[in-house]
A.B. asks: 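I am attaching a structure below and will ask some questions about it afterwards.
None of these values were measured; they are calculated from a predicted model. Excluded from the calculations below are hydrogen atoms, water molecules and symmetry mates; all remaining heavy atoms, backbone and side chain alike, are included.
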Amino acid sequence: MKVYAISDFHLCNSGEKPMEIFGGDWADYQEKIRQDWQNKVSDEDVVVICGDISWAMKLETAKIDLNYFEDLKGYKIFIRGNHDYWWQSISAVRNNLPKNSFGV
């Protein structure tokens with residue numbers, strides 16, 4: 001088992017604040033991360049997602065972004081970041097996380 005840490009996804013699959021506005025390096029960034037993740041992480045590994053997960057303001061909108069992690073390998077641990085305004089209640093977050101995940 002390996003432990004990985006990654007942060008600052010700033011996902012916005014609702015289209016309200018796409019990261020691509022920050023330049024060409026951000027083009028297809030979600031797919032690039034997905035491919036790298038799937039190539040490196042195994043199902044037995046742990047991935048700590050260290051905050052700034054979604055630009056969403058409400059959990060209902062953030063759920064679209066949380067779904068991004070659904071099919072990614074590994075056991076995922078989510079930590080609230082300073083831009084995760086949608087994260088109001090730990091129990092609500094835990095109830096909406098993808099399978100094989102845990103919010104702290």
A.B. asks: Within the distance-only criterion (no hydrogens, no angle test), does the side chain of Lys76 pair as donor or acceptor with the backbone N or O of Gly74 below 3.5 angstrom?
C.D. replies: yes
A.B. asks: With a 4.5 Å cut-off on side-chain heavy-atom distances among I, L, V, M, F, W and Y, is there a chain of contacts connecting Tyr68 to Ile64?
C.D. replies: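 No, separate clusters.
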A.B. asks: Could you check if a side-chain atom of Val46 sits within less than 4.5 angstrom of a side-chain atom of Ile77, using non-hydrogen atoms only?
C.D. replies: yes
A.B. asks: Within the 4.5 Å heavy-atom criterion, are Leu11 and Tyr29 side-chain neighbours or not?
C.D. replies: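 Side-chain contact under 4.5 Å: yes.
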A.B. asks: Find out whether Asn96 and Trp86 are in side-chain contact, i.e. whether some heavy atom of one side chain is under 4.5 Å from a heavy atom of the other.
C.D. replies: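 The answer is no; the side chains never approach within 4.5 Å.
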A.B. asks: Looking at side-chain heavy atoms only, is the closest gap between Lys73 and Asp45 below 4.5 Å?
C.D. replies: no
A.B. asks: Provide the closest heavy-atom pair for Cys50 versus Ala5 in the form atom of the first, atom of the second, distance.
C.D. replies: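 Heavy atoms of Cys50 and Ala5 come nearest at SG-CB, 4.0 Å.
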A.B. asks: Starting at NZ of Lys63, measure out to OG of Ser54 and round the result to the nearest 0.5 Å.
C.D. replies: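 Spacing of NZ (Lys63) from OG (Ser54) equals 13.0 Å.
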A.B. asks: With rounding to the nearest 0.5 angstrom, report the CD1 to CZ distance, Ile90 to Arg80.
C.D. replies: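 If we round to the nearest 0.5 Å, Ile90:CD1 and Arg80:CZ are 9.5 Å apart.
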A.B. asks: Would you call Phe78 and Leu66 a side-chain contact if the rule is heavy atoms closer than 4.5 Å?
C.D. replies: yes
A.B. asks: Could you grab the distance from atom CD1 of Ile6 to atom CG of Asp36, nearest 0.5 Å is fine?
C.D. replies: 7.5 Å
A.B. asks: So does His10 get a backbone contact from the side chain of Asp52, meaning a donor-acceptor N/O pair under 3.5 Å?
C.D. replies: no
A.B. asks: Between atom CD of Gln35 and atom CD of Gln30, what is the distance when rounded to the nearest 0.5 Å?
C.D. replies: 12.5 Å
A.B. asks: How many angstroms lie between atom CZ of Phe69 and atom CD1 of Ile33, to the nearest 0.5 angstrom?
C.D. replies: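 Going from the CZ atom of Phe69 to the CD1 atom of Ile33 covers 8.0 Å.
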A.B. asks: Nearest 0.5 angstrom please: Ile53 CD1 to Leu97 CG, how far?
C.D. replies: 8.0 Å
A.B. asks: Taking all atoms of both residues into account, what is the closest heavy-atom pair of Met1 and Glu44, and its distance?
C.D. replies: CG-O, 3.1 Å
A.B. asks: Quick check: do Asp65 and Phe9 have side-chain heavy atoms less than 4.5 Å from each other?
C.D. replies: no
A.B. asks: Does atom NZ (Lys32) have a neighbourhood of more than 12 heavy atoms from anything else shown, all under 6.0 Å?
C.D. replies: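 Yes, because the 6.0 Å sphere around NZ of Lys32 holds more than 12 heavy atoms from other groups.
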